[in-house]
Amino acid sequence: MLIVEDQETMRQKLREYLQAEFPDRVIREAASGSEALARCREVAPQIVLMDIGLPDIDGITLTAEIKRMLPATAIVVVSSYAGPEYPRRAAKAGADAYINKMDITRALLPAVLEILARGGPAPLPQDGS
């Protein structure tokens, strides 16, 4: 899994939450779009958790780029942006799910479990390669 979030505290909380739920999975982080693209090229994550408000590129544009590069990678947009246009734009870019940050504790785990249940790329190796 890859968490793409520019706010360090939020990135850390997401990583801790997911690591507690999925202790056998490698969870990587990126604080910017360029860092996320580099991580995706290195490891082809099974799931990307994507913030929209990144410092160098918006997460919806980045979602489309990652889906072009890695079509089997699932992308869950996790954002504080509300309103129907954001989920619609995210879906058009290829996102598999859109979760408002206010709903993380209720919606994130079911979304990730559903993605894992339907398969996709092999889980990332534990040794970081």
Side-chain angles (χ1 to χ4, degrees):
M1 288 186 216
L2 174 64
I3 299 167
V4 183
E5 167 64 58
D6 62 323
Q7 296 178 9
E8 185 176 352
T9 303
M10 182 60 146
R11 223 177 31 250
Q12 179 181 8
K13 287 180 187 228
L14 283 169
R15 181 179 31 82
E16 289 170 357
Y17 176 69
L18 290 168
Q19 201 68 75
E21 294 294 330
F22 305 101
D24 296 335
R25 296 219 173 243
V26 175
I27 299 175
R28 292 177 171 82
E29 301 175 28
S32 68
S34 57
E35 191 178 347
L37 286 171
R39 296 271 186 280
C40 285
R41 286 184 192 104
E42 292 168 5
V43 298
Q46 185 175 12
I47 299 173
V48 174
L49 301 182
M50 179 72 69
D51 186 26
I52 290 179
L54 299 171
D56 56 348
I57 186 172
D58 76 87
I60 292 175
T61 301
L62 184 57
T63 293
E65 286 188 38
I66 291 172
K67 288 303 260 191
R68 275 192 296 277
M69 183 172 56
L70 302 167
T73 294
I75 299 180
V76 177
V77 174
V78 180
S79 180
S80 58
Y81 292 122
E85 71 274 9
Y86 292 103
R88 196 170 29 250
R89 288 179 53 217
K92 186 175 180 182
D96 295 81
Y98 187 100
I99 297 171
N100 189 290
K101 286 182 179 176
M102 298 294 289
D103 296 327
I104 283 179
T105 57
R106 179 186 60 78
L108 183 59
L109 187 57
V112 170
L113 287 171
E114 191 240 311
I115 290 166
L116 292 173
R118 69 178 189 232
L124 298 173
Q126 291 295 310
D127 66 359
S129 60

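Computation of the quantities below employed the complete heavy-atom set of this structure, encompassing side-chain atoms and omitting hydrogens, waters and symmetry-equivalent molecules.
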Between the CG atom in L113 and the CD atom in E21, the distance rounded to the nearest 0.5 Å is 7.5 Å

message: A side-chain contact here means heavy atoms from C-beta on lying under 4.5 Å apart; do D51 and R11 qualify?
response: no

* Under 4.5 Å between any side-chain heavy atoms of L14 and I104, yes or no? -> yes

Show the numbers, then the answer: is there a side-chain contact (heavy atoms from CB on, under 4.5 Å) between R89 and D58? CA-CA 12 Å; R89 288 179 53 217; D58 76 87; 4.2 Å; yes

Ring pair (Phe, Tyr, Trp, His ring centres under 6.0 Å) filter on F22, not counting sequence neighbours, yields none

* In this structure, are over 12 heavy atoms from other groups packed under 6.0 Å from E85 atom CD? -> yes

Between Y98 and S79 the two heavy atoms that sit nearest each other are OH-CB, 3.6 Å

When rounded to the nearest 0.5 Å, the distance separating CD of E35 from CG of L37 is 10.5 Å

For residues 65-82, the salt bridge (Lys or Arg N to Asp or Glu O under 4.0 Å) pairs (sequence neighbours left out) are K67-D96

Output for pair (I66 CD1, R39 CZ), nearest 0.5 Å, gives 12.0 Å

Worksheet item: Taking the side chain as C-beta and beyond, is there a heavy-atom pair between L116 and I47 under 4.5 Å?
Response: yes

*asked:* Any non-hydrogen side-chain atom of P45 less than 4.5 Å from a side-chain atom of L70?
replied: yes

(message) So Y17 and L109, do their side chains get closer than 4.5 Å, heavy atoms only?
(response) yes

Between the CD1 atom in I27 and the CG atom in L18, the distance rounded to the nearest 0.5 Å is 4.5 Å

(Q) Counting C-beta onward and ignoring hydrogens, is there a side-chain heavy-atom pair between R28 and E42 closer than 4.5 Å? (A) no

To the nearest 0.5 Å, atom CD of E5 lies from atom CD of Q12 at 12.0 Å

d(L108 CG, I99 CD1) to nearest 0.5 Å is 4.5 Å

